[in-house]
Each structure stands twice: as C-alpha cells, then as structure tokens.
Amino acid sequence: MVTPSRYPERVKRPTKYVAIVLLLSACADTAGTPAITPAPTTTLPETVNLAYAYRPDTTLSYRVNIDQAISIHGEGNAGAIGSGDLPTDGDLATTVETVMTYRAYPGPIDGTTELDVSARFEDVAVSGTMNGESISPGSDDFGVGTIPPIDASFVVDKSGKVVSSSLDGAANMLGGSLGSLQRLGQEFFTRPIGPRFPDRDLSVGDTWTDEDTVDGPGGPITTRSMHTVTGTEVVDGVKTVVIETESEADEFEIDLTQIFKTMFGGFTTDATNPEELDALLAQLEFRIAVAPTRATSTVWFDTAAGLVKKAEISADITVKMTYRGPDESTGEIAGFTMEMGLRQTARFDLESVDETVG
C-alpha cells in the first residue's frame with residue numbers, strides 16, 4: 001500500500017500575508033519550452049518490446065542537475081496584497097545538483113513495483129535581481145533559493161503506468177513562499193523517470209501517445225504526451241534506445257475569490273454595517289490563471305537492464321494572478337496583477353543500482 005505523503009500541507013490561521021500564501025499556492029505545469037537537441041538516429045537491429053524491470057529491494061541513484069530561470073513582473077498597487085515585501089519585478093537564475101533515489105519494493109499486485117522517491121535540494125546557487133536589488137543565497141528574503149524536498153511513493157507496472165500515488169495533484173501545488181514556484185520541478189520529478197511504454201514491439205520512427213489526468217485545484221488537468229523512438233546511442237558503454245517526448249497539459253484557472261471573501265468577512269467586526277460589508281465583498285477578486293504547459297524530454301533507455309540510463313527534461317511555467325482587495329493603509333479597493341514565469345531544465349544520470357539497506 002502506498003503511504004501518505006510525508007509532508008502534508010498545514011492549514012494556518014490567515015494573517016496579513018495570506019494573499020501571498022494563496023498567490024503562491026497555485027504553481028502547476030504550464031507554457032512553451034525550448035526544443036531538445038535530437039539524439040543520434042541509427043537503425044535498431046530488430047524491433048524491441050520496451051518494459052521496466054525494477055528489481056525488488058534495490059535503490060537507484062540518479063545524479064540530477066537543475067537549472068532554473070525565474071521572472072516576475074507585477075503591476076498595480078502592491079499595497080492591496082498587504083505586504084511591502086512583495087516582489088514586483090525580478091529576474092533570477094538558480095542552479096542545484098543533488099542525488100535522487102528510487103527505492104524499489106514488491107508492489108501490492110503481481111507485475112507491479114512500489115517506488116519510494118526522495119531528494120533533498122541544498123546549496124541552491126542564486127543570482128539576479130529582485131525589485132532592483134541584487135540577490136544571493138545569503139540575502140534570500142523571498143525563498144527563491146529554497147526548493148522543497150521530494151518524498152513520494154508510487155506503484156507502477158512494467159509499462160511504466162502509475163497505478164497509484166501518494167501525491168495529490170492539488171496538494172502538491174500548495175506552498176507558502178516564492179520558492180513554491182519551483183514546485184514545477186516536483187510535478188516533473190516526483191514521478192518515475194521515463195515514458196509509459198505501449199504493449200507492442202517498437203522500431204525507430206515508431207510513435208505512440210498517452211494521457212494522464214490528475215485532480216488539480218481548479219478541476220481535472222489532463223496531460224497528453226507523444227513519444228517517438230528516434231534511434232540508439234551508447235551511454236557509458238551501454239547501448240540504449242533513445243525516446244523523445246513532447247507533452248502538453250491543459251490550461252486552467254483557480255478562482256480563490258470566494259475563499260478570500262469568506263476569510264475577509266471572518267475578520268470583520270460585528271459593528272460593521274452589513275450593507276457596507278456586502279458592497280465591499282462584491283469588489284473583491286482573487287484569480288490565478290495557469291497557461292497551457294508544453295514540455296519536452298529525451299530518455300536513453302537501457303533495454304537489457306530495463307531502466308532509464310539518462311534523461312533530459314525541459315519545461316516552462318507561466319502563472320498570472322489577478323487581485324482586487326482593500327489597501328492595507330487606506331482601506332480603499334486597489335487592484336494588482338502579477339505574472340510569474342519559470343523555465344527549467346534538468347538532467348538525470350544513473351549512478352548506481354544497489355541493494356536497499358535497512
């Protein structure tokens with residue numbers, strides 16, 4: 001059985017920073033991505049039937065290198081958000097290297113494997129500017145140098161299909177700092193590496209498609225993926241099959257207006273004129289729009305071992321927030337919009353496959 005997430009989200013009492021928390025609780029898959037350099041194409045000696053072969057009680061260790069470019073642009077009265085610390089303009093770059101582990105155990109039914117995925121992102125290097133000021137890890141007031149840890153569990157079959165997961169599509173997007181924007185990485189990385197394979201033989205040039213739907217904060221989110229076998233390539237002395245994938249996820253909108261109105265009304269004193277309160281609540285607005293996601297990846301699959309030998313992933317996020325609320329200093333209704341973007345690339349290299357200890 002898949003265990004619950006080790007880091008459940010906590011509900012905190014609203015504060016004057018609640019708008020920031022809600023704003024940054026909606027990071028999800030989104031918009032256009034750079035093209036991947038085509039892998040060398042050769043002819044397979046014969047057709048192959050691709051399948052994963054995770055050995056029970058083993059640990060796969062992948063060296064992961066991640067590069068991120070973060071952009072932020074805000075317009076309007078930032079005082080409506082209720083904090084002078086809110087970033088309104090920024091261009092940042094972050095890099096980090098870590099080891100991601102996949103611990104494999106026998107699955108709950110025949111032909112399945114349980115994978116416990118974990119990673120810690122420490123010593124994130126940050127450069128760039130925020131609100132016109134240079135930023136570094138030592139003066140990181142906005143959490144951009146913080147990437148939340150990964151702890152997830154999956155049950156997968158031999159084709160790579162996720163049978164069950166400890167992840168919740170909505171909960172995995174929640175967070176309370178600017179670093180939550182980087183949870184795009186978790187949406188991509190807290191899943192077994194590699195595509196879902198079809199139940200048929202494949203040769204160079206063959207293409208197949210699949211769809212995945214998760215429950216997001218605004219409703220179901222469907223991702224459509226097209227996979228192509230482009231050739232073979234030797235990686236560290238191992239002959240691999242190269243598969244390129246293009247993915248696209250639905251756009252969606254999260255309407256937090258009613259939640260915002262409920263919380264705001266709860267902080268209003270009993271002495272407030274009901275008619276004035278209704279008129280005020282009618283002007284409040286809090287919406288977050290997530291653009292369509294497009295991502296690309298290349299996987300080098302070791303057919304003999306039944307494992308991904310190497311992988312490269314590229315993707316972008318674009319999130320736009322629209323907010324109307326009372327200015328903290330004047331009490332007048334003020335509007336504010338912010339667009340946040342993140343371009344991310346990552347490379348995975350299989351370092352070792354060892355017997356699980358403990």
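All values below were derived from every heavy atom in this structure, side-chain atoms included, with hydrogens, water molecules and symmetry-related copies excluded.
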Could you check whether atom CD of Glu246 has more than 12 heavy atoms from other residues, nucleotides or ligands sitting under 6.0 Å from it?
no
Sequence neighbours excluded, which residues qualify as side chain to side chain contact (heavy atoms under 4.5 Å, CB included) partners of Thr209?
Met226
Check side chain to side chain contact (heavy atoms under 4.5 Å, CB included) between Glu211 and all other residues, then give those that pass, not counting sequence neighbours.
Thr222, Arg224
Tell me every residue that passes side-chain hydrogen bond (donor to acceptor under 3.5 Å, both in side chains) with [X], counting only those two or more places apart in sequence or in another chain.
X: Asp67; answer: none
X: Gln258; answer: none
X: Glu75; answer: His73
X: Thr95; answer: none

Among pairs that include at least one residue of residues 280-290, which meet salt bridge (charged side-chain N to carboxylate O under 4.0 Å, His left out), considering only residues two or more places apart or in two chains?
Glu253-Arg287, Asp255-Arg287, Glu285-Arg287
Sorted by chain and number, sequence neighbours left out, ring pair (Phe, Tyr, Trp, His ring centres under 6.0 Å) with Tyr52 holds for Tyr54, Phe197, Phe301
Checking [X] now: which residues fulfil salt bridge (charged side-chain N to carboxylate O under 4.0 Å, His left out) with it, not counting sequence neighbours?
X: Glu339; answer: none
X: Arg55; answer: none
X: Asp206; answer: none
X: Glu251; answer: none

Lys/Arg N to Asp/Glu carboxylate O, Asp212 vs Arg196, below 4.0 Å:
yes
Do the side-chain N and O atoms of Ser153 and Glu114 include a donor-acceptor pair separated by under 3.5 angstrom?
yes
